[in-house]
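The first residue of the sequence shown is numbered 1, and numbering continues consecutively from there.
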Amino acid sequence: MADAHTPGTPLNKAELGDQRFLSAAGISRLDVVDSTGSTNADLLRAVTVDPGSWPDLSVLTAEYQTAARGRLDRHWEAPPLSSVSVSLVLRPVNAEGRPLPTQSYSWLSLIAALALRETLRVTAGIPADLKWPNDVLVRGRKIAGILAQLGPMTVGAVPPVVLGTGLNVTLHEDELPVPTATSVFLEGALTADRTVLLKSYLSQFATLYRSFCNADGDPAAGMGGGPSLHKRVEAAMVTLGRQVRAQLPGDHEIIGHASRLDEYGSLLVVDKDSREHVVTAGDVVHLRPWTAPGEQGASTDAAAAKDSGHGGYA
């Protein structure tokens, strides 16, 4: 039973509130709450009621979420002190203070996924990859999800984005939301300290985010003297090169080859008739390659193979 497991350790509020850490990462505000329904919902409400109190790179994190929400209104609940549940307020402007074009906002959740991948690889010492559009996988199992939501549009103000990230940290097998999920603990990481992981993620995200903003939201621009955001995301994304089924709004679906991302971060899928489709939203299922009966690894039902759990932010 889940309640037989040793409880997790609370976040270290002193470390998270250390001014040297906040200044180095460029974080303007960081609040820790013991329990809430959803950090994303809280921040969406906050930026509507009191926008001046929540500037760019404000952070809200919770020890326990009771009504977390993912993509397509999926809900779940993880045990207290078992996850990193964090949301950020983003008000993207360039170095001169000019707002980024809103069409560039589609890259923000991909920046978060890339930052979390780097945290898992460098800080936790476990391999991680991206699954379009918003999941982070370890060895094919979902360890984290990300959800970006647009805040209220106000005349004369930069439209805010609330970006939520949920990372499974100390969950045991019987606590996972679905059998195809995993956690930092289960993967034998170097550390399952939620404070260490959260600080690393926020630092990684802030660095990528500032570089993206300073490039006017251009995903093709080099970042920090290295490859562009577009190239970095494509290199980390295991969806590309796979046979996929894209489940689209309105009960439509496309089955084909996931070839690349376009300039907005949308997934391009080539069907059996060589037609290219732009997938901007929806679930993507990784499919097993079809092989002839009798061959090693044959699969008569390619559409049966999912590589990760439910989509969402956690």
Where does the angle between the aromatic ring planes of Y201 and F205 fall among parallel (under 30°), tilted (30 to 60°) and perpendicular (over 60°)? tilted

Could you please spell out the steps behind the salt bridge (Lys or Arg N to Asp or Glu O under 4.0 Å) verdict for R141 and E187? CA-CA 10 Å; R141 293 179 176 269; E187 295 298 330; 5.7 Å; no

If you count every heavy atom of other residues, nucleotides or ligands that lies below 6.0 Å from D251 atom CG, does the total exceed 12? no

Answer yes when [X] and [Y] have at least one side-chain N-carboxylate O distance shorter than 4.0 Å, and no when they do not.
X: D193; Y: K199; answer: no
X: E234; Y: R260; answer: no
X: D129; Y: K131; answer: no

Contact between R121 and I126 at the side-chain level, heavy atoms closer than 4.5 Å - yes or no? no

S82 side chain reached by N168 side chain, heavy atoms, under 4.5 Å: no

With a 3.5 Å cut-off and no angle check, do the side chains of [X] and [Y] form a donor-acceptor pair?
X: D216; Y: N94; result: yes
X: Q65; Y: T39; result: yes
X: Y209; Y: D56; result: yes

Start with the C-alpha distance between S109 and N134, add both sets of side-chain angles, then the distance that settles side-chain hydrogen bond (donor to acceptor under 3.5 Å, both in side chains), and finish with yes or no. CA-CA 7 Å; S109 59; N134 70 334; over 6 Å; no

